[in-house]
Amino acid sequence: MGLDFTVVPGHLDIILLGCAWTIGIALAAALLSFFGGIVFAVIALYAPWIIRQPFRLLEWVFMGTPLLLQLFLIYFGLVQIGIDLPAFVAGIIGLGLHFAVYNSELIQTAILSVDKGQMEAARTVGLSRGQALRKVVIPQAVRDVIPPIGNNMIALLKDSALVSVIGVSELTLSAQRAIGATYRPFEFYLVAALFYYVINLGMEAVQRRIERRIAISR
Amino acid sequence: MSDKSHFVEIRHAQKSYGPLEVLKDISLNVERGQIVAIIGPSGSGKSTLLRAINELDSLTGGEVWLDGVQVNKDMPHRQYEKHINQMRQHIGMVFQHFNLFPHMTARENVTMAPMLLKGLSKTEADTLAEEQLDKVGMLDRIDYYPSRLSGGQKQRVAIARALAMKPKLMLFDEATSALDPELVDEVNMVMKTLAEEHMTMIIVTHEMDFAASVCDRVLFMDQGVVVEEGPPSVVFKNPTKDRTREFLRKHLAGAN
């Protein structure tokens, strides 16, 4: 039995819908991980001890345990304490926080490497430390980490396949559904792989555009 | 507010890092519109003294007063932060390495603080930026990012940024030391203009000629103390202390 791609067009609608879900979830999780990463970085560097310590525990949980387990915890575990999230929301939160922790590491290093004179100059005109961070230090730090954050975002896109296990009909689960109907795993997994690749290309293009815009202001 | 007789008043400033005493009981009064130069070898404490005026470095002892208000007041942390942010709006500072914000254009460098802290509208802030950048001769580069400016141009924008807050006092921390020799004059010209407008200025500098030409008073510092103080004609031409003489001889010989 050879490969037969003629079965694909009949199920392309499910696959495309799956693509839309994957893009939507990845995009939302990417935004959450980006802004969450900034917030986490500021907490890790500047928050008082009493906030920083519990936060460290959270950080350890997200870095030291499998993402799959985290998704189970958020989707199945939180129900027990009365938080019943829709699967796709649980997926976005899980992916977003998981990668926020990784982004936070990058942003922390970048914040610390912004020239000390920048904070001084901002404080000298009368800005508070918070204002100086927000207006002067963090924007510069973020610029420096766009390329490595872009790498994290590609990892995030690939890991978004994991949310299929909590029942979100994203690309991977959609491919599985098509396979269930046709018994053609090789064809549909290949098609799914192709779509992941295309989405990735799109993300890389966006990243390049952002990098180019930043380069102008340097 | 017991003593409001001087515009800027530093009383018994003392600063130490552990056992190392970098400022030893320094007192200094500056009147409104006066220009004071602080000279001295590196490590003499002159930058530390300047940075203590706006609390970039805090003193371990002594007081700093500006226009009848104590800058380094002793108060609870939160309250102090508010107070010092307020005070700093009145004290402009220019750094050796410019410290322009590289992600902002010249215009944005100038308008950021006035918009954020004084609530200026975009149009008001733009007018202000044009005014201040024109004053330092940088109006034609208003929408340039710092990366496209020369050192002298960057420093002029940095001065405009400080002036935009309408400070009562300007501090210059070796404003021309990092510049190529041919770019020093354009910055000095701007500082001269400020002098003519009677801006109160305290200038840490290595440029004796410039200090001699614009300053009302010169302080020579060494090892954390003021060794000699007086009008430039005296300190530069007829210093009374051996250490001052030695420094000037070395410095003027080394400068060329």
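Only a predicted model underlies this, so the values are computations on that prediction, with no experimental measurement involved. Note on naming: letters A, B, ... go to the chains in the order of the sequence lines (proteins, then strands), and numbering restarts at 1 for each one.
Counting non-hydrogen atoms of other residues, nucleotides and ligands closer than 6.0 Å to CD of A:Gln53 gives a total above 12. The number of heavy-atom neighbours closer than 6.0 Å to CZ of A:Arg52, taken from other residues, nucleotides and ligands shown, is above 12. Residue B:Leu20 places its CG atom among more than 12 non-hydrogen atoms of other residues, nucleotides or ligands, all under 6.0 Å distant. In the displayed structure, A:Met63 atom CE is contacted under 6.0 Å by more than 12 heavy atoms of other residues, nucleotides or ligands. Around atom CG of B:Asp143, more than 12 heavy atoms belonging to other residues, nucleotides or ligands sit under 6.0 Å away.
Contacts of B:Phe95 with chain A are made by side-chain atoms alone, with heavy-atom separations under 4.5 Å and no backbone atom involved. For a residue to count as touching a neighbouring chain, one of its non-hydrogen atoms must lie under 4.5 Å from one of that chain's; by this rule B:Met112 touches chain A with the side chain only.
Contact annotation: the side chain of A:Val125 never approaches that of B:Arg88 to less than 4.5 Å [non-hydrogen atoms, C-beta and beyond]. By the 4.5 Å heavy-atom criterion applied to side chains, A:Leu127 and B:Leu116 are counted as neighbours. Taking 4.5 Å as the limit, every side-chain heavy atom of B:Glu81 sits out of range of all side-chain heavy atoms of A:Ser128.
Considering only heavy-atom pairs separated by less than 4.5 Å from chain A, the leading option among B:Val94, B:Leu171, B:Ile91, B:Leu56 is B:Leu56. Interface check for chain A: of the options B:Ile84, B:Leu100, B:Leu117, the most heavy-atom pairs under 4.5 Å are formed by B:Leu117.
A donor-acceptor pair is defined here as one N or O able to donate and one able to accept, closer than 3.5 Å; no such pair exists between the side chain of B:His103 and the backbone of A:Arg143.
Between B:Pro102 and A:Gln140 the shortest heavy-atom distance is CG-OE1, 3.2 Å.
The interface of residues 87-124 of chain A with chain B, defined by heavy-atom distances below 4.5 Å, comprises A:Asp115, A:Gly117, A:Gln118, A:Glu120, A:Ala121, A:Ala122, A:Arg123, A:Thr124.
In this structure, NZ on A:Lys135 lies 11.0 Å from CZ on B:Phe101, to the nearest 0.5 angstrom.
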